[in-house]
S.K.: 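Can you keep this structure in mind? I'll have questions shortly.
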Amino acid sequence: MKYWLFKSEPSAYGIDDLARDGVTAWTGVRNYQARNFMRDQMRPGDPGFFYHSSCEEPGIVGIIEVARPAYADPTQFDRKSRYYDPGAAREEPRWLNVDVKFVRRTRVVGLDELRREKALRKMQVLQRGNRLSITPVTPAEWKCIMRLMK
DNA sequence: GCCAACGTTGGC
DNA sequence: GCCAACGTTGGC
């Protein structure tokens, strides 16, 4: 089992949306590294943090769980979607998504707060220039953040 | 295969 | 709105 962090802009899809939906297809990932994480390493039951980016209060806002293994992302075939990829073929999908389910909200553990933790100094999402929307979280980092939330 | 140009992300 | 950082694209 692995731990993950899922980034999303709350103006597009935030923790409130997931709390309402219960389960959602994590579509729209258009980065090969993030895709490979889903395809090669994510398994149903893997826990994840839900992180709000590009908003007033960037930070971790909830806990979620992988609910379905990676499958072809339907938005790549949808001409009307902003995620449409003319280079993707049905027989050979280029992009994948998992389903994730809502577990619970947490208090907002802000970016500044995360950065203040020595144990999180190497956490991938905190590295400068990081742009991955899905990043792995080590067990030690997970434990540290769970403790912070209490 | 290199690399400049471009687009996107995301914190501030 | 700015800007740093990075991935992708395309000309050569």
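Naming: A, B, ... by sequence-line order, numbering from 1 per chain.
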S.K.: What are the 5'-most and 3'-most nucleotides of DNA chain B lying under 4.0 Å from any heavy atom of chain A?
M.R.: dG7(B) to dC12(B)

S.K.: Is S54(A) touching bases, backbone alone, or none of the nucleic acid, heavy atoms closer than 4.0 Å?
M.R.: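 Base, at least one base atom sits under 4.0 Å.
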
S.K.: Hey, are D78(A) and Y83(A) close enough side-chain-wise for a donor-acceptor pair under 3.5 Å?
M.R.: no

S.K.: Is the closest basic N to carboxylate O distance between D21(A) and K101(A) below 4.0 Å?
M.R.: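 So D21(A) does not pair with K101(A) through a salt bridge.
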
S.K.: Indicate, with yes or no, if I134(A) and V125(A) share a hydrophobic cluster defined by side-chain heavy-atom contacts under 4.5 Å among Ile, Leu, Val, Met, Phe, Trp and Tyr.
M.R.: no

S.K.: Is the ring pair W142(A)/F49(A) parallel, tilted or perpendicular, if the boundaries are 30 and 60 degrees?
M.R.: parallel

S.K.: Does the distance from a Lys or Arg side-chain N to an Asp or Glu carboxylate O, for D85(A) and R94(A), drop under 4.0 Å?
M.R.: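 So D85(A) pairs with R94(A) through a salt bridge.
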
